[in-house]
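The structure under discussion appears below in the form of structure tokens.
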There are 4 protein chains.
Amino acid sequence: MAEGITAKKPTRIQLRNRKRILDAALDVFSQHGYRGATLDQIAAEAGLSKPNILYYFEGKEDIHVTLLNKLMDAWLDPLRHIDPHGDPLEEILRYVHRKLEMSREFPRESRLFANEVLQGAPRMGPHLETGLKELVDDTARVIEDWIAQGRLAPVDPRHLIFSIWATTQHYADFDAQVQVLMEGRDVHKGASEFLDTLYRRMLAP
Amino acid sequence: MAEGITAKKPTRIQLRNRKRILDAALDVFSQHGYRGATLDQIAAEAGLSKPNILYYFEGKEDIHVTLLNKLMDAWLDPLRHIDPHGDPLEEILRYVHRKLEMSREFPRESRLFANEVLQGAPRMGPHLETGLKELVDDTARVIEDWIAQGRLAPVDPRHLIFSIWATTQHYADFDAQVQVLMEGRDVHKGASEFLDTLYRRMLAP
Amino acid sequence: MAEGITAKKPTRIQLRNRKRILDAALDVFSQHGYRGATLDQIAAEAGLSKPNILYYFEGKEDIHVTLLNKLMDAWLDPLRHIDPHGDPLEEILRYVHRKLEMSREFPRESRLFANEVLQGAPRMGPHLETGLKELVDDTARVIEDWIAQGRLAPVDPRHLIFSIWATTQHYADFDAQVQVLMEGRDVHKGASEFLDTLYRRMLAP
Amino acid sequence: MAEGITAKKPTRIQLRNRKRILDAALDVFSQHGYRGATLDQIAAEAGLSKPNILYYFEGKEDIHVTLLNKLMDAWLDPLRHIDPHGDPLEEILRYVHRKLEMSREFPRESRLFANEVLQGAPRMGPHLETGLKELVDDTARVIEDWIAQGRLAPVDPRHLIFSIWATTQHYADFDAQVQVLMEGRDVHKGASEFLDTLYRRMLAP
DNA sequence: TATGAATGAGAATTCATTCAT
DNA sequence: CATGAATGAATTCTCATTCAT
């Protein structure tokens with residue numbers, strides 16, 4: 001009881017502050033991991049006092065979970081946009097490019113997610129088992145249909161999806177390594193061309 | 001300082017205990033990350049007292065760094081075994097399979113490494129910039145030669161290497177997710193076949 | 001960092017608690033030395049919890065350094081009040097008596113200082129080399145002038161200063177010994193008369 | 001029981017090692033104080049293993065007490081050599097110079113003693129109350145006799161003794177400060193001349 | 001004698017969270 | 001809404017001492 005935010009309509013200030021906190025938390029969590037992050041860092045980066053943070057969220061874990069929830073929605077969205085009635089190869093390539101784009105635009109989200117899964121997804125189990133599982137199963141079925149119709153070269157659809165996730169998120173998650181090995185090169189352009197070639201050659205019927 | 005293990009030749013007990021500690025630490029660090037791991041956990045898992053752990057290592061960071069050092073050697077080894085005089089496609093496929101194998105045999109090492117790079121590789125910079133960089137540059141040159149000779153389909157060699165790392169390590173690093181999505185299926189067999197197909201189709205000249 | 005006391009103007013509570021802590025710390029540090037003192041003791045004596053102590057100061061060393069800084073100011077003050085235009089002998093005797101007085105009123109400060117210098121002044125180097133050095137050089141010059149004018153018997157001014165410090169601080173620093181050897185006698189009165197005689201006989205022109 | 005050193009005659013090795021340990025301990029204790037010193041440091045400096053140290057002494061405190069015992073003997077020795085039948089002024093000046101000499105030759109001993117008294121002489125009470133007290137009382141009586149005979153200017157003998165201790169030991173105990181303030185000057189020569197003048201002027205009948 | 005191994009009792013410090021205003 | 005103040009529960013690390021050989 002007596003929690004800060006009630007179920008009533010939030011004011012503008014509340015909305016703004018929650019947003020600030022989540023943004024700061026995304027920064028800190030994605031960089032240091034859950035345990036490595038401190039409320040102090042988040043508070044400092046949000047420009048709020050520590051107790052004020054706890055007025056908006058129930059605690060450290062609440063912030064983290066809120067972040068993961070928001071993330072998963074956006075994260076899975078591109079998968080939902082694969083059109084079963086579109087051209088198979090182009091649909092998949094569009095997905096690949098969209099994922100690569102997200103890796104570039106939202107590297108913090110990618111790392112937050114990676115951190116969580118790496119540690120066994122202790123705060124995310126439900127999300128994986130319901131939302132994600134169903135979505136992947138659906139998509140796998142679509143791909144299998146395409147293959148059965150001879151419109152895609154035969155591959156295991158789930159491993160295909162994994163490979164897309166792996167290769168695109170790699171540029172966000174392993175950025176520290178990529179930067180060292182690519183020195184001044186234009187990483188994103190090269191990645192985009194490479195992945196285009198990779199999946200085109202692999203999937204062309 | 002001036003305590004514990006000196007620079008002299010280690011006894012059997014020392015060897016055994018250091019091994020125990022490193023094994024326990026690998027477990028704990030790979031699961032919880034550097035900050036999330038505690039000496040208590042490591043000590044408990046190693047079956048030693050906490051101060052005894054600090055008799056063998058200078059501190060938490062020393063253990064972690066020792067682990068990373070050992071890891072990098074083994075981690076890069078397969079890359080060193082690509083034979084410039086072998087058959088290009090087979091050499092690369094052998095590398096892919098070896099990496100996938102390592103992902104299965106040494107998932108903790110893979111996650112330890114992922115954890116570290118994900119956080120910007122704060123304790124690993126040197127390793128990346130010297131050992132790894134050179135090795136990747138060398139390998140890239142070999143691949144470029146093969147491509148120039150028309151023995152491999154043209155691709156950017158560095159992105160090729162990234163994709164191999166990403167797709168193989170994914171099975172270790174994102175295991176929590178993979179398990180949920182693959183349910184009872186034989187993940188490794190599927191992955192092996194998939195990646196074989198993937199790189200064969202992409203690289204066949 | 002990013003915790004506790006910010007750079008803003010301190011509240012009454014802050015002022016009161018910092019004072020409490022410093023007073024307790026002076027007690028403990030002067031009695032046990034830096035290493036021998038524990039935050040637990042300081043906290044207990046200040047009537048605050050240990051973490052609360054660390055809310056006001058960055059750590060043990062911060063408390064100690066703060067104490068030394070405050071101390072040095074007061075410590076050197078009497079030396080600054082030697083008036084070059086006053087009567088030489090009376091000026092010096094006034095200094096002697098003032099120092100003896102401080103030894104009696106602030107024995108903890110004297111011991112804190114002694115403890116620090118005894119261990120090589122590891123946390124006080126700067127203070128000695130700037131503030132103190134200059135002040136002593138200035139004073140030495142004044143004394144030399146007086147001697148040149150025949151208004152004081154000739155002596156090395158620096159050794160004179162040392163002897164004043166030594167003889168006056170002795171009653172604070174070696175109190176344990178003095179008490180044993182003086183039994184019930186009125187130490188302060190005797191010391192005052194003795195030092196008056198000592199410096200009068202030595203310095204009368 | 002089962003203590004290392006029995007009451008039997010010590011071997012050469014035992015003698016040599018005890019000496020080594022005490023010398024190392026003197027170094028460490030005089031520099032860092034009792035609590036600040038560690039057995040590790042002492043062991044390292046003595047070139048022996050820590051358990052071996054504890055074979056020769058019962059513990060840290062035992063070493064410290066042994067050191068203090070030895071010290072007190074030597075420390076008080078010059079006081080015993082004041083000859084009631086000698087020339088008063090010369091006897092006292094000889095004592096002053098001998099004490100100054102000891103300060104220069106045995107600064108570690110001086111600091112060890114200062115450290116101990118500074119902290120209330122917790123491990124030295126008995127020594128002060130028996131040996132020292134008697135000796136000082138005896139000496140005071142001798143001085144009083146000399147004064148009564150008109151062979152010394154009248155002063156309180158105990159404060160006189162304190163002042164001699166204070167001024168001579170100062171050069172050892174506050175060496176860190178003296179060095180800063182005296183820069184390149186020949187400290188010892190100056191001190192010797194100064195103290196000679198000081199006590200000559202004060203005590204000449 | 002000597003030492004490698006081990007540990008219990010601290011000690012400093014961090015941090016999420018609570019309290020009071 | 002907001003924050004200064006406070007703290008209990010860790011967490012890393014130190015150190016005198018003991019054990020076993």
Side-chain angles (χ1 to χ4, degrees), chain A residues 2 4-5 11 13-14 17 35-43 48-63, chain B residues 1-6 8 10-14 16-17 35 37-43 48-62, chain C residues 1-6 8 10-14 16-17 35-43 48-63, chain D residues 2 4-5 11 13-14 17 35-43 48-63:
Chain A
I5 298 294
T11 61
I13 293 186
Q14 283 182 7
N17 279 350
R35 286 286 303 270
T38 74
L39 283 187
D40 267 318
Q41 289 173 298
I42 295 173
L48 297 171
S49 72
K50 215 171 8 166
N52 203 11
I53 298 248
L54 294 169
Y55 171 78
Y56 289 101
F57 291 90
E58 299 201 6
K60 188 182 181 180
E61 180 153 1
D62 185 24
I63 303 177
Chain B
M1 160 184 48
E3 253 256 51
I5 298 299
T6 65
K8 297 181 183 177
T11 56
R12 287 124 265 158
I13 293 185
Q14 279 184 24
R16 191 201 53 186
N17 280 349
R35 287 285 304 270
T38 73
L39 284 185
D40 266 318
Q41 289 173 298
I42 295 173
L48 297 172
S49 73
K50 215 179 350 175
N52 202 14
I53 298 265
L54 295 167
Y55 173 75
Y56 288 100
F57 290 90
E58 300 205 1
K60 188 181 178 180
E61 179 153 2
D62 184 25
Chain C
M1 166 184 42
E3 254 256 53
I5 298 299
T6 65
K8 297 182 183 178
T11 54
R12 289 124 265 160
I13 295 185
Q14 279 183 25
R16 191 199 53 184
N17 280 348
R35 287 285 303 270
T38 72
L39 285 185
D40 266 316
Q41 289 173 296
I42 296 174
L48 297 171
S49 73
K50 210 174 2 169
N52 202 14
I53 298 264
L54 295 166
Y55 173 74
Y56 288 100
F57 290 90
E58 301 206 0
K60 188 181 178 179
E61 179 152 3
D62 184 25
I63 303 178
Chain D
I5 298 293
T11 61
I13 293 187
Q14 284 183 7
N17 280 350
R35 286 286 303 270
T38 73
L39 284 187
D40 268 318
Q41 290 173 296
I42 296 173
L48 296 171
S49 72
K50 215 174 4 168
N52 204 11
I53 298 248
L54 294 169
Y55 171 79
Y56 288 101
F57 292 90
E58 298 202 7
K60 187 182 181 179
E61 180 153 1
D62 185 24
I63 302 177

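Lettering of chains follows the sequences in order, A, B, ..., and the numbering in each one begins at 1.
Ile63(D) has its CD1 atom 15 Å from the P atom of dC15(F), to the nearest Å. Atom-to-atom, CD of Glu58(B) to P of dC13(F) comes out at 10 Å; the value is rounded to the nearest Å. Following rounding to the nearest Å, Phe57(B) (CZ) and dA5(E) (C1') show an atom-to-atom distance of 15 Å. Rounded to whole Å, atom C1' of dG4(F) lies 11 Å from atom CZ of Arg12(C). One can place NZ of Lys60(B) at 9 Å from P of dT11(F), the figure rounded to the nearest angstrom. Rounded to whole Å, the distance from CD1 on Ile53(C) to P on dA12(E) is 11 Å. Atom CG in Leu54(D) sits about 14 Å away from atom P in dG4(E), given to the nearest Å. Taking atom CG of residue Asn17(C) and atom C1' of nucleotide dA5(F), one finds them 9 Å apart after rounding to whole Å.
The heavy-atom pair separating Lys60(D) from Arg35(D) by the smallest distance is NZ-O, 3.7 Å.
Proximity note for Leu39(C) (side chain, C-beta onward) versus dC15(E), dT13(E), dC19(E): the nearest is dT13(E). Comparing dC15(E), dA2(E), dG4(F) against the side chain of Ser49(D) picks out dA2(E) as the nearest. Distances from the side chain of Lys50(D) to the nucleotides dA16(F), dA2(E), dA6(F) place dA16(F) closest.
Side-chain contact between Lys50(C) and Tyr55(C) is absent, with no heavy-atom pair separated by less than 4.5 Å. Within the 4.5 Å cutoff, no side-chain heavy atoms of Arg12(C) are placed close to those of Asn17(C).
Residue Thr11(B) is in sugar-phosphate contact alone, with no base atom involved, counting any heavy-atom pair closer than 4.0 Å across all strands shown. Among the heavy atoms of the strands, none lies under 4.0 Å from Ala43(A). Residue Leu48(C) is out of contact with every strand shown, counting any heavy-atom pair closer than 4.0 Å.
Checking the phosphate oxygens (OP1, OP2) of dA2(F), a side-chain nitrogen or oxygen of Tyr56(A) falls inside 4.0 Å. Between dG4(E) and Gln14(B), no contact under 4.0 Å exists linking OP1 or OP2 to a side-chain N or O. When the side-chain nitrogen and oxygen atoms of Asn52(D) are compared with OP1 and OP2 of dT1(E), none of them lie within a distance under 4.0 Å. A close approach under 4.0 Å does not occur between any side-chain nitrogen or oxygen of Arg35(D) and OP1 or OP2 of dC15(F). Checking the phosphate oxygens (OP1, OP2) of dC1(F), no side-chain nitrogen or oxygen of Tyr55(A) falls inside 4.0 Å.
Across the interface with DNA chain F, nearest-nucleotide mapping of Arg16(C) and Gly36(D) shows Arg16(C) to be the residue nearer the 5′ end. Summary of the strand contacts: Ile13(B) and Asp40(C) both lie near DNA chain E, and taking for each the nucleotide with the nearest heavy atom, the more 5' one is attributed to Ile13(B). Heavy-atom distances to DNA chain F give each of Pro51(A) and Pro51(B) a nearest nucleotide, and the one nearer the 5′ end belongs to Pro51(A).
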If pairs are Watson-Crick or G-U with both distances under 3.5 Å, what is the dot-bracket string of DNA chain F, marking crossing pairs with [ ] and pairs to another strand with |? .||||||||||||||||||||

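Of the inter-residue distances, the one linking Arg16(B) atom CZ with Ile13(B) atom CD1 reads 6.0 Å to the nearest 0.5 angstrom. Distance check, rounded to the nearest 0.5 Å: CG of Leu39(A) to OG of Ser49(A) gives 11.0 Å.
On the P atoms, dT1(E) is 23 Å away from dA20(F), given to the nearest whole Å.
Screening Asn52(A), Ile53(A), Leu54(A) for a side-chain contact (heavy atoms from CB on, under 4.5 Å) involving Tyr56(A) leaves a single residue, Asn52(A).
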